[in-house]
Participant: 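What follows is a structure written as structure tokens; I'll ask about it next.
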Amino acid sequence: MSENVVHLHKPTAPPTDGTTPTVLTVVPDAPPARPVPLWVRSGRAVKTAVTHETTRTTVRAVARHASYTFNGGRIVARRTWDGRTGSRYERMIRAAEAAGNLEAAEEWEERLQRFRAARHHRRMDLLHSPVEAAKGVVVGAGMSVGVLVALGVVMAINTGHVGDVITPLSATIDFIALLIRIVQIVWGPALTIGPFLALLALWSVGRKQHAAPAWALPANIRSGEGEPITPSIVVKALRDLGVPALARAIKEMGDAGASMLGPITIAGCGVEVDVTLPSGVSTNEVQNKRRKLAENLTRHEHEVFITIPQAARTVRLWVADSGALDEPIGPSPLVTDDTMTADYAKGKAPWGQDLRGDAAALSLYQRHLLITGLSNQGKTVALRSLALWLSLDRSVQFLMGDLKGVGDWAMFDGLATTLIQGPTDEHVIQVTEMVEGAVDEMNRRIQAPPGTTFPPLIVLVDEAQVAFMCPAKDADKRPYGGAKANSRYFMAVRKIHNQGRAVNVLMWQGTQDPTNENLPKLVREGAHTRASLALGTESQARMALGDKAVDGGAAPNLLRPGLDRGTLVVASDGITIPAGQSSITVRTHYIDDDAATAITDRAKALRDGVTTLHAIDRGAEHDPLADIAAVVGDAPRVRTKDVLARLATRNPDAYGGWSFIDLKRVLDDAGAEPYKSDGVMVVARDRVARALANRDIDGSASTDG
């Protein structure tokens with residue numbers, strides 16, 4: 001027995017004397033713990049076994065293969081039924097009617113009538129086939145016996161033995177007996193093995209169609225990673241998109257929605273298919289569910305693009321191979337081909353690849369350019385690659401302002417006529433005056449005699465939002481930044497947008513995070529080529545590319561910041577865009593600083609030498625002859641019209657209105673007269689240098705205020 005335990009308890013009622021005595025009570029000790037019943041332990045074991053990974057794998061395998069066999073039988077039965085009846089034709093008729101295609105419905109109706117007529121003819125033939133078969137057997141047997149006897153007679157005549165007359169007939173009878181014996185031997189095992197072979201065939205059909213519950217399929221199939229895009233997958237993805245009218249229409253279609261799809265074609269690193277939506281479903285309902293559609297197709301959102309082709313009520317789906325868009329596209333031809341040159345008027349810049357994997361080239365001829373996007377997405381590299389290609393055309397002139405000022409454009413020193421680099425208000429003032437100088441050059445070209453041709457002048461401003469948001473004002477209280485009529489930078493850009501294209505003065509701008517404050521509406525809409533990298537919102541996408549492009553499917557706001565660096569959406573007539581689309585997605589080549597420097601070195605070798613200005617001196621005293629020497633630089637000779645253009649850029653106030661007569665007057669007075677070379681008037685560097693040296697020796701330096 002167990003020992004008793006003594007417990008202290010207070011009495012239930014206090015004593016009459018007012019004290020609270022302690023009462024000792026003796027209670028027996030608790031009984032010993034009972035053993036766990038066997039059925040409880042068995043339940044725990046069963047639970048452990050069920051949750052064990054090996055058990056779950058086994059259960060999935062059994063369910064999967066059983067479903068393959070059962071559903072394979074259903075598939076075969078359905079195919080057999082379709083082949084023996086007109087149900088297939090009836091489904092296609094209902095689908096055509098649901099899609100509103102009456103011509104297709106009539107065509108399927110005619111096919112159904114032909115099928116029924118042919119089936120009726122076959123059934124009528126079956127009524128007469130037994131008699132015809134019996135007649136055929138009798139006639140055939142009689143002819144066969146006659147042939148065998150005739151053959152035996154020939155053999156008997158040849159051998160001289162009368163018994164050979166029946167030799168062919170007896171050999172034939174022996175052969176038939178052998179076949180019967182073989183059938184008797186094989187028939188038993190065939191009856192035993194046949195059902196297993198039939199089940200194996202049904203299992204094979206089910207396995208190929210993955211005809212099993214999703215939870216029972218192998219992990220690689222359940223995840224859908226790399227799953228090929230088939231019509232059934234596309235229709236199922238559309239059906240489960242969450243658009244009630246679309247799901248209802250697919251359910252009512254006899255072909256389960258297959259008639260909605262055009263051909264699925266290989267397009268680069270993915271596939272493309274046009275989907276004709278049923279009545280009552282708009283294209284934007286599908287566009288607005290891009291993420292869900294991508295997930296239904298077992299893809300990530302960035303691997304599915306939805307555009308609107310010309311056909312009414314149609315969306316075009318481009319679905320990338322899983323992971324294909326995360327692979328690099330390779331180096332630029334500018335880097336790999338050191339013999340490449342450019343042609344501003346007829347050529348196209350090799351910019352990258354489209355989603356199909358085809359080369360994406362952009363024409364820059366007489367097109368203003370705007371590239372925008374979030375910070376650190378590859379905007380400067382994308383803009384710079386276009387300038388690098390164009391620099392290989394020796395006729396192109398550059399005026400450059402880099403308002404970031406970290407050296408991204410330093411390789412154009414000695415190639416650009418003006419290169420201003422820096423983020424301060426003073427740099428904005430310098431860039432503004434540079435753009436205003438380009439306006440003066442544009443006006444001079446416009447006033448030239450009709451038929452005069454001018455070299456391309458590219459006015460490039462990177463990080464242009466710094467200029468638009470600059471608070472500085474000039475001496476007349478006119479702001480450099482802003483978007484009002486008195487804003488100097490804004491008005492200069494607008495003037496070039498309005499008239500510069502006609503005389504090959506073009507404005508290129510790169511800007512971050514577009515808003516109405518840092519990228520005014522009139523400036524956005526003045527660009528012929530608009531491109532955007534990753535953006536944050538749809539409203540920014542509309543600012544960057546315009547409403548038409550976004551309504552047509554352009555969605556730079558759906559690009560992944562950081563992951564899709566260098567991928568941009570382009571709206572321009574200068575690049576080949578698939579018919580019916582308003583934009584194209586381009587994955588640009590990456591050209592690093594070292595490769596860019598090598599390209600500009602090749603470009604400099606094509607030219608006579610360019611003196612790059614790093615500041616604009618406006619309103620200061622100037623020396624025309626010294627300025628001419630500066631703009632001529634190290635080139636042996638420079639065309640007079642190029643000298644005039646460089647002077648106007650160097651000091652627009654002093655030289656913006658100069659003509660050839662003014663230039664000739666200064667050079668004639670100094671003894672450095674221009675002359676003809678290959679039929680073109682040029683200014684010689686040696687003559688100008690000698691004139692300067694002689695003037696300094698004589699102490700005759702003069703200043704023309």
Participant: Less than 4.5 Å apart, any side-chain heavy atom of Leu293 and any of Leu238?
Facilitator: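 Sidechains of Leu238 and Leu293: in contact.
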Participant: Should Trp351 and Leu568 count as side-chain neighbours, where that means a heavy-atom distance under 4.5 Å?
Facilitator: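 A side-chain contact under 4.5 Å exists here.
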Participant: Would Lys289 and Glu285 pass as an ion pair if we require N to O under 4.0 Å?
Facilitator: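 Judged by the 4.0 Å cut-off on N to carboxylate O distance, Lys289 and Glu285 do not form a salt bridge.
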Participant: What's the spacing between Thr576 OG1 and Lys348 NZ if we round to 0.5 Å?
Facilitator: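 It comes to 4.0 Å.
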Participant: Using modelled atom types only, decide if a donor and an acceptor are shared between the side chain of Thr172 and the backbone of Ser170 within a distance under 3.5 Å.
Facilitator: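 Not at all, since once roles are kept as given, no pair shorter than 3.5 Å links the two residues.
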Participant: Looking only at heavy atoms, what is the nearest atom pair of Arg299 and Ala320, with distance?
Facilitator: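 Heavy atoms of Arg299 and Ala320 come nearest at NE-O, 2.7 Å.
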Participant: Only one of Leu241, Leu246, Val275 forms a side chain to side chain contact (heavy atoms under 4.5 Å, CB included) with Val281, so which one is it?
Facilitator: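 With Val281 as partner, Leu241, Leu246, Val275 yield a single side chain to side chain contact (heavy atoms under 4.5 Å, CB included), made by Leu246.
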Participant: Let's go through Val586 and Ile575 carefully: what are the C-alpha distance in whole Å and the side-chain angles of both, what is the deciding distance for side-chain contact (heavy atoms from CB on, under 4.5 Å) to 0.1 Å, and is it a yes or a no?
Facilitator: CA-CA 10 Å; Val586 176; Ile575 192 170; 3.9 Å; yes
Participant: Does Leu200 offer a backbone N or O that forms a donor-acceptor pair with the side chain of Ser204 under 3.5 Å?
Facilitator: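 No, Ser204 side chain to Leu200 backbone: no donor-acceptor pair under 3.5 Å.
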Participant: Any side-chain to backbone donor/acceptor pair from Asp393 onto Tyr344? Under 3.5 Å, distance only.
Facilitator: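 Side chain of Asp393 to backbone of Tyr344: a pair is present.
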Participant: Evaluate the side-chain contact (heavy atoms from CB on, under 4.5 Å) criterion for residues Thr265 and Val273: first the C-alpha distance (whole Å), next the side-chain angles of each, then the deciding distance (0.1 Å), finally the verdict.
Facilitator: CA-CA 7 Å; Thr265 58; Val273 58; over 6 Å; no
Participant: CD/Gln287 to CG/Asn284 distance, rounded to the nearest 0.5 angstrom?
Facilitator: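 Answer for the CD-CG pair, Gln287 versus Asn284, is 7.0 Å.
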Participant: If I compare all heavy atoms of Ile599 with all of Leu388, which pair ends up nearest, and what's the gap?
Facilitator: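 For Ile599 versus Leu388, the nearest heavy atoms are CG2-O, 3.9 Å.
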Participant: To the nearest 0.5 Å, what is the distance between CG (Leu545) and OG (Ser572)?
Facilitator: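 Separation between the atoms: 11.0 Å.
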Participant: With sequence neighbours excluded, what pairs up with Thr341 under the side-chain hydrogen bond (donor to acceptor under 3.5 Å, both in side chains) test?
Facilitator: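 side-chain hydrogen bond (donor to acceptor under 3.5 Å, both in side chains) check on Thr341 returns nothing, list empty.
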Participant: May I have all residue pairs that pass salt bridge (Lys or Arg N to Asp or Glu O under 4.0 Å) and include part of residues 262-280, sequence neighbours excluded?
Facilitator: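 Listed once each, the pairs are Glu272-Arg356, Asp274-Arg316.
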Participant: For the residue pair Gln353 and Ile329, what are the closest heavy atoms and their distance?
Facilitator: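 Result for this residue pair: NE2-O, 3.6 Å.
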Participant: Give the minimum heavy-atom separation between Ala245 and Gly280, together with the two atoms involved.
Facilitator: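 Answer, listing the atom of Ala245 first, then Gly280: CB-O, 4.0 Å.
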Participant: With Ser332, which residues qualify under side chain to side chain contact (heavy atoms under 4.5 Å, CB included), at least two apart?
Facilitator: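 Checked Ser332 against side chain to side chain contact (heavy atoms under 4.5 Å, CB included); matches are Leu334, Val335, His589, Ile591.
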Participant: Starting at OG1 of Thr529, measure out to CG of Asp573 and round the result to the nearest 0.5 Å.
Facilitator: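 Answer for the OG1-CG pair, Thr529 versus Asp573, is 6.5 Å.
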Participant: Would you give the length of the straight line joining atom CH2 of Trp318 to atom CG of Asp354, rounded to the nearest 0.5 angstrom?
Facilitator: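 Here the interatomic distance stands at 9.0 Å.
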Participant: Should we count CZ of Phe70 as having more than 12 external heavy atoms under 6.0 Å?
Facilitator: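 No, not enclosed.
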Participant: Do Thr283 and Leu277 make a side-chain contact, defined as non-hydrogen atoms from C-beta onward lying under 4.5 Å apart?
Facilitator: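 They are in contact (side-chain heavy atoms under 4.5 Å apart), so the answer is yes.
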Participant: Should Ile264 and Pro231 count as side-chain neighbours, where that means a heavy-atom distance under 4.5 Å?
Facilitator: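 In short, these two side chains touch, coming nearer than 4.5 Å.
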Participant: Using side-chain heavy atoms (C-beta onward) and a distance below 4.5 Å, is Val315 in contact with Ile308?
Facilitator: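 Yes - at least one pair of side-chain heavy atoms lies under 4.5 Å apart.
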Participant: Is it the case that atom CD1 in Ile75 sees more than 12 heavy atoms from other parts of the structure closer than 6.0 Å?
Facilitator: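 Yes, the 6.0 Å shell around CD1 holds more than 12 heavy atoms from other groups.
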Participant: Determine whether more than 12 heavy atoms belonging to other residues, nucleotides or ligands lie under 6.0 Å from atom CG of Leu199.
Facilitator: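 Yes.
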Participant: Answer whether the closest heavy-atom distance between the side chains of Arg291 and Leu558 falls below 4.5 Å.
Facilitator: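 Not in contact.
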Participant: Quick one: does Asp337's side chain have a donor or acceptor within less than 3.5 Å of a partner on Pro333's backbone?
Facilitator: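 No: the side chain of Asp337 does not pair with the backbone of Pro333.
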Participant: Going from CD on Glu303 to CD on Glu295, what distance comes out if it is rounded to the nearest 0.5 angstrom?
Facilitator: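 The distance works out to 11.5 Å.
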Participant: So which atom in Thr336 and which in Pro331 form the shortest heavy-atom distance, rounded to 0.1 Å?
Facilitator: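 Nearest heavy atoms, Thr336 then Pro331: CG2-CG, 3.7 Å.
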Participant: Taking atom CZ of Arg119 as the centre, does the number of heavy atoms from other residues, nucleotides or ligands within less than 6.0 Å exceed 12?
Facilitator: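 Correct, the count exceeds 12.
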Participant: Any chance you could lay out the side-chain contact (heavy atoms from CB on, under 4.5 Å) test for Val381 and Thr588, step after step, and finish with the verdict?
Facilitator: CA-CA 9 Å; Val381 173; Thr588 58; 6.0 Å; no
Participant: Is the shortest side-chain heavy-atom distance between Ile306 and Leu317 below 4.5 Å?
Facilitator: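 When only atoms from C-beta onward are counted, Leu317 and Ile306 do touch, with a gap below 4.5 Å.
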Participant: Return the minimal non-hydrogen interatomic distance between Trp389 and Asp343, and the atom names on each side.
Facilitator: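 What the structure gives for the nearest pair is CH2-O, 3.4 Å.
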Participant: Looking only at atom types and distance, does a side-chain atom of Asp592 sit under 3.5 Å from a main-chain N or O of Ala595, one as donor and one as acceptor?
Facilitator: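 Here the side-chain-to-backbone pair exists.
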